[in-house]
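Each chain gets a letter, A, B and so on, in the order its sequence line appears, and its residues count up from 1.
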Number of protein chains: 2
Amino acid sequence: MATATGPARRTPRRRQTAQARRERLTRERVLQSAIELADASGIEALSMRRLGEELGVEAMSLYTHVANKDDLLAGMIDAVFAEITPPSLEAHWKTAMRDRALSVRAALLRHPWATGLMDANAAPGEATLLHHDLVIGCLRGGGFSFAMTAHAFAVLDGYIYGFALQDRSLPFETPEETGDLAQEMLAQFPAGRFPHLAAFMVEHVLKPGYDFGDEFEFGLDLILDALERHRED
Amino acid sequence: MATATGPARRTPRRRQTAQARRERLTRERVLQSAIELADASGIEALSMRRLGEELGVEAMSLYTHVANKDDLLAGMIDAVFAEITPPSLEAHWKTAMRDRALSVRAALLRHPWATGLMDANAAPGEATLLHHDLVIGCLRGGGFSFAMTAHAFAVLDGYIYGFALQDRSLPFETPEETGDLAQEMLAQFPAGRFPHLAAFMVEHVLKPGYDFGDEFEFGLDLILDALERHRED
DNA sequence: TCATCATCCTTACGTCGTAAGCCTTATGCT
DNA sequence: AGCATAAGGCTTACGACGTAAGGATGATGA
């Protein structure tokens, strides 16, 4: 043998240990697997042991690619931001911010655990910083002063994340479920204890076709229109 | 789940055992202690053992008053809602909703861990339901249709919770800290990587007197004014 | 060819939530 | 007043968690 294959850089030599080993671990693979696991089974199911299992590796092996669990979670958040289509600096600020808001919302629907992780007040990752950079650039380019940019950023992002939080905090997921759960909730208390809430449920929420998620665009446009009015303040 | 109702009241006979025992445990005392502990040391410091210690009791004794840790957390959330001054049904809807929003914000500043717990999508407690009932009543009384009430509720509460989440996710707490941290963050990447963000920091955020928390009222009034405009839609 | 070093694994520790069951003491009935 | 009951609090124990310490393996670079 002694093939002496000149190990010209990066020998793509395949490893073939006794048991066919999984592909080499990387931070990206760890993060991606963690995100898939959290998406599929909830963030509470994401333990280092379980994640290792998912990757065909022992829990401690993960620590080669991730400093600790907080680092893992921070990396996941940053990966979510990386999924978001950033606002275009060419388009009109309003449409750019609208599209971007919808993109954030879509990402948070794909990864509902993300909002819960955002209160970790850790240092934002590169994708997160880049995203914020472009949002600010978009607003500034649209004619917003620094002060108005700060205002606009606070309202818009506050609304986007808060809406996701609210959506997630609702104790029901599907419209069908809503009815039963609402009945059950109100039934625990004397009839007439929450008259306005009860009427609201009966007259609106329980009507066929209602879906809380549909509220998002109304609020978004409400805020965007209002910001347009204040743009020159 | 029916939460353990306290012991029958009957005789107020004072107990005096060998060792002066701490006051009798109640669900309220457990919840209050848990809230104090979370406020003082962060939600991650709240373990059943630690909470027991705080109350002079073993961890397992807490389970007489609380079904499990999730029930404890749900109870804490509901207690936070109970702290909020609900919207007056007499006042004009706009001022009532404004005062109430400020009251929610104040509560979330006092208990910053609350937003992180809100994605638990558990069944809301009595104080939470009552709060929502009055918010809906206030909007309906103010002339909002059911549909507009739903819209208004989603924007307002979304914004309030999202703002708190954003505030908490900032990696700095005090204005002084902001400068150092911002420098540090941007220094990790090539200069010019985040030009808009950098300019925004230098020209606005790092200017003396800036405090992110001050942004809250701008967004609140922006939304309230916009809602007023849509009230009759 | 060998030394180095990154990768992955084994073992172990302290902490967590909580199930099971015991002991003590207050309660409610006679 | 006396007693049966059950509620409140305690002890012990289990399995899962994050992760520190150090060992084994195999790829890389001299």
Side-chain angles (χ1 to χ4, degrees), chain A residues 1-2 4-30 33-34 37-38 41-75 120, chain B residues 1-30 33-34 37-38 41-76 120:
Chain A
M1 339 164 9
T5 75
R9 63 220 41 227
R10 293 268 146 258
T11 48
R13 197 184 313 163
R14 285 278 126 252
R15 104 181 18 68
Q16 73 294 18
T17 341
Q19 63 259 41
R21 186 72 109 325
R22 210 77 76 261
E23 187 128 359
R24 184 69 145 289
L25 229 48
T26 62
R27 177 170 236 259
E28 284 61 44
R29 250 163 54 74
V30 170
S33 238
L37 181 52
S41 313
I43 194 69
E44 73 284 349
L46 174 65
S47 72
M48 300 303 275
R49 280 171 239 255
R50 177 78 194 280
L51 177 55
E53 204 173 298
E54 216 74 25
L55 285 158
V57 133
E58 294 301 315
M60 287 308 292
S61 302
L62 301 171
Y63 286 85
T64 308
H65 303 94
V66 131
N68 49 46
K69 191 166 183 184
D70 279 350
D71 182 37
L72 171 70
L73 296 176
Chain B
M1 243 313 318
T3 54
T5 72
R9 65 271 129 75
R10 235 39 195 132
T11 53
R13 199 183 312 165
R14 285 277 127 252
R15 120 213 328 91
Q16 71 296 19
T17 339
Q19 64 259 36
R21 186 72 110 326
R22 210 78 75 258
E23 187 127 358
R24 185 69 146 287
L25 229 46
T26 63
R27 176 168 236 257
E28 284 62 43
R29 249 161 58 72
V30 170
S33 238
L37 181 53
S41 313
I43 194 69
E44 73 283 349
L46 176 63
S47 71
M48 298 305 272
R49 280 172 241 255
R50 178 76 196 282
L51 177 56
E53 203 174 298
E54 216 73 26
L55 286 159
V57 134
E58 294 303 314
M60 286 310 291
S61 302
L62 300 172
Y63 286 84
T64 307
H65 306 279
V66 132
N68 50 45
K69 192 167 183 184
D70 279 351
D71 181 37
L72 172 69
L73 296 176
M76 290 168 69

- Note on the structure: Rounded to the nearest 0.5 Å, the CZ atom of A/R50 sits from the CG atom of A/L37 at a distance of 5.0 Å
- Message: Within the structure provided, determine whether B/L72 and B/L62 are in side-chain contact (heavy-atom separation under 4.5 Å).
- Response: no
- Whole-Å distance, A/L51 CG to C/dC9 C1', equals 16 Å
- Message: Given B/V30, which partner from the list B/V66, B/T64, B/V57 fulfils the side chain to side chain contact (heavy atoms under 4.5 Å, CB included) test?
- Response: B/V66
- Sorted by number, residues from residues 64-71 of chain A placing a heavy atom under 4.0 Å from DNA chain C are A/T64, A/H65
- Query: Looking only at heavy atoms, what is the nearest atom pair of B/L55 and B/S33, with distance?
  - Reply: CD2-OG, 3.3 Å
- Taking all non-hydrogen atoms of both residues into account, name the closest pair between B/D71 and B/A67 and its distance. OD2-N, 2.9 Å
- Measure the distance from CG on B/L25 to C1' on D/dC10 and round it to the nearest whole Å. 13 Å
- Message: Tell me whether the side-chain N/O atoms of B/S61 come closer than 4.0 Å to OP1 or OP2 in D/dG8.
- Response: no
- Message: Restricting to non-hydrogen atoms, name the atom on B/R24 and the atom on B/R29 that form the minimum distance, rounded to 0.1 Å.
- Response: O-NE, 3.0 Å
- Note on the structure: Sorted by number, residues from residues 42-50 of chain B placing a heavy atom under 4.0 Å from DNA chain C are B/L46, B/S47, B/M48, B/R49
- Whole Å only: how far is the CD atom of B/E53 from the P atom of D/dG9? 17 Å
- Task: Kindly compute the distance separating CG (A/L25) from NE2 (A/H65), expressed to the nearest 0.5 Å.
- Result: 5.0 Å
- Item | Spacing of B/E58 atom CD relative to D/dA7 atom C1', expressed in whole Å | 18 Å
- Pair B/R49 + B/E53, salt bridge at N-O below 4.0 Å: no
- Please give, in whole Å, the distance from D/dA20 P to A/L62 CG? 14 Å
- Task: Using whole Å, report how far CZ of A/R24 lies from P of D/dG26.
- Result: 12 Å
- Message: Expressed as a whole number of angstroms, how long is the span from B/L72:CG to C/dC16:P?
- Response: 14 Å
- Can you tell me the distance, in whole Å, between the CE atom of B/M60 and the C1' atom of C/dG17? 9 Å
